[in-house]
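Written out below as structure tokens is the structure these notes cover.
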There are 2 protein chains.
Amino acid sequence: MKQEQIDEIRDFNRFYAKVIGLLDKTFLNSEYSLTEVRVLLEIYKQSGILANDIMNSLQIDKGYLSRILKKFEKKQMITKKQSDTDRRAIYLELTEFGKKEFLEVDTATNLQIDTIFSHFSEAEQQTLIENMNKIKNILQKK
Amino acid sequence: MKQEQIDEIRDFNRFYAKVIGLLDKTFLNSEYSLTEVRVLLEIYKQSGILANDIMNSLQIDKGYLSRILKKFEKKQMITKKQSDTDRRAIYLELTEFGKKEFLEVDTATNLQIDTIFSHFSEAEQQTLIENMNKIKNILQKK
DNA sequence: TTAAATAGTTGATTTAGGCAACTATTTTTA
DNA sequence: TAAAAATAGTTGCCTAAATCAACTATTTAA
């Protein structure tokens with residue numbers, strides 16, 4: 001690979017890291033940190049998920065995760081149910097309140113995306129999305 | 001904007017955040033944090049830069065930056081030289097050791113990019129870069 | 001049946017980063 | 001030109017995010 005190509009990739013990475021950082025500021029205004037929202041999303045996507053699964057998919061420390069879940073439980077956003085087959089494992093579910101809280105952040109994020117991208121023409125939006133999908137498809141292959 | 005489009009963008013953002021996170025692990029193995037490397041890069045790109053300029057371009061707190069620079073000075077990676085025309089301002093330069101340290105991380109990053117992207121064919125690499133540039137060009141407009 | 005592995009918790013600590021007050025200058029303004 | 005405002009950088013204080021290691025309880029493998 002040519003140095004020039006590497007530079008272009010690194011340049012895009014720096015650029016897009018800024019974009020993502022900007023978007024993440026939404027969470028900073030909310031009551032939940034970025035990681036907390038990601039955890040909520042995991043439980044929302046897959047009700048009954050185990051802490052261990054979240055740990056693996058989000059790659060976060062189990063002690064840290066345990067504390068986040070404890071906070072959620074205290075706020076009555078999740079319920080924990082011990083597995084019958086493996087009493088070490090605990091099924092996690094969002095309560096109605098937990099769902100509500102998650103969806104609020106989720107909606108705010110949608111709005112934010114919409115706001116930012118509405119600055120571009122529909123054709124440009126379409127191009128952006130196509131290029132994003134292309135990149136994702138290639139990178140996902142390996 | 002349609003919900004489906006918003007979802008695609010968010011999906012890409014999540015996906016690419018992981019890619020960036022993966023790449024950033026290089027820094028985590030090095031002795032320097034991501035922000036510290038960014039600061040080094042700024043001084044490397046523009047020798048004699050002021051702390052204030054770095055603050056503006058990287059958007060980091062001046063107290064935090066001051067501490068980072070102090071660390072670099074202590075490790076003899078940079079030199080500080082008071083400006084003659086404005087004695088509040090301090091010119092920053094990398095020492096030979098500072099350059100060496102920076103280039104080590106920089107080289108490791110290049111190698112890492114090269115390693116990851118060499119899993120793809122040249123055509124795919126070209127497509128990736130083209131799509132990255134396209135996205136960057138559109139987003140930069142506004 | 002004992003050893004190793006696994007799920008989760010807890011305590012102690014480190015690090016990143018923000019905020020505000022401060023010093024020392026320089027610039028503006030009245 | 002003297003006082004006020006702005007600017008560059010430092011320092012102290014603080015909080016939230018995250019890591020690490022030790023621990024309990026349980027399950028699986030040797």
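So you know, we letter chains A, B, ... as the sequences are listed, proteins then strands, and number each from 1. Only heavy atoms go into these numbers, but all of them, side chains included; no hydrogens, no water, no symmetry mates.
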Next item on the list: Mind checking B:Leu65 for me? I need base, sugar-phosphate or nothing, with any heavy atom below 4.0 Å counting as a touch.
Entry: nothing
Note to self: Centre-to-centre under 6.0 Å for B:Phe12 and A:Tyr16, is that the case here?
What the structure shows: yes
Note to self: Per the salt bridge (Lys or Arg N to Asp or Glu O under 4.0 Å) rule, what does the pair list look like for residues 117-138 of chain A, sequence neighbours excluded?
What the structure shows: A:Glu124-B:Lys141, A:Lys136-B:Asp11
Note to self: Is the phosphate of D:dA18 approached by A:Thr35 (side-chain N or O, under 4.0 Å from OP1 or OP2)?
What the structure shows: yes
Check: So does B:Lys71 get a side-chain nitrogen or oxygen closer than 4.0 Å to the phosphate oxygens (OP1/OP2) of C:dT15?
Finding: no
Check: What pairs with A:Lys75 under side chain to side chain donor-acceptor pair (under 3.5 Å), at least two apart in sequence or on another chain?
Finding: A:Glu31, A:Tyr32
Check: What is the distance from CG of B:Asp61 to C1' of D:dT7, rounded to the nearest Å?
Finding: 15 Å
Check: Is any side-chain N or O of A:Ser66 closer than 4.0 Å to OP1 or OP2 of C:dT10?
Finding: no
Note to self: I need the full list of salt bridge (Lys or Arg N to Asp or Glu O under 4.0 Å) pairs touching residues 100-118 of chain B, with sequence neighbours left out, sorted by first then second residue.
What the structure shows: A:Arg10-B:Asp106, B:Lys100-B:Glu104
Next item on the list: Would you classify A:Ile60 as touching base, sugar-phosphate or nothing, given that sugar-phosphate means primed atoms plus P, OP1 and OP2, and contacts are heavy atoms under 4.0 Å?
Entry: nothing
Notebook entry, point to check: Roughly, in whole Å, what's the span from CD in B:Glu73 to C1' in D:dT11?
Noted result: 15 Å
Notebook entry, point to check: For B:Asp24 and C:dA16, what is the distance between atoms CG and P respectively, to the nearest whole Å?
Noted result: 13 Å
Check: Rounded to the nearest Å, what distance is computed from the OH atom of residue B:Tyr64 to the P atom of nucleotide D:dT15?
Finding: 19 Å
Next item on the list: Specify the separation, in whole Å, of atom CG of B:Asn56 and atom C1' of D:dT7.
Entry: 11 Å
Side chains of residues 61-70 of chain A: which donor-acceptor pairs under 3.5 Å do they make with residues two or more places apart or in other chains?
residue	atom	partner	partner atom	Å
A:Asp61	OD2	A:Gly63	N	2.9
A:Asp61	OD2	A:Tyr64	N	3.0

Next item on the list: Classify the side chain of B:Arg67 and the base of C:dG17 as holding, or not holding, a donor-acceptor pair under 3.5 Å.
Entry: no
Notebook entry, point to check: Under 4.0 Å between a side-chain N/O of A:Ser33 and OP1 or OP2 of D:dA17, yes or no?
Noted result: yes
Notebook entry, point to check: Roughly, in whole Å, what's the span from CD1 in A:Ile68 to P in D:dA18?
Noted result: 7 Å
Note to self: According to ring-ring contact (aromatic ring centres under 6.0 Å, His included), who are the partners of A:Tyr44, at least two apart in sequence or on a separate chain?
What the structure shows: A:Phe102
Next item on the list: Could you check how far CG of A:Leu58 sits from C1' of C:dG8, rounded to whole Å?
Entry: 16 Å
Notebook entry, point to check: For the pair made of CG in B:Asn52 and P in D:dT10, what is the distance, rounded to whole Å?
Noted result: 11 Å
Note to self: Taking only side-chain N and O atoms of B:Lys70, does any of them lie within less than 4.0 angstrom of OP1 or OP2 on D:dT11?
What the structure shows: yes
Check: Given that B:Tyr32 and A:Gly63 both sit by DNA chain C, which one's nearest nucleotide is further toward the 5' end?
Finding: A:Gly63
Item checked: Contact pattern, 5' to 3', of nucleotides 21-28 of chain C - B, S or - by protein heavy atom under 4.0 Å -> ---BBS--
Margin query: Would you say that A:Thr127 contacts B:Ile135 through its side chain, given a criterion of any heavy-atom pair below 4.5 Å between the two side chains?
Written below: no
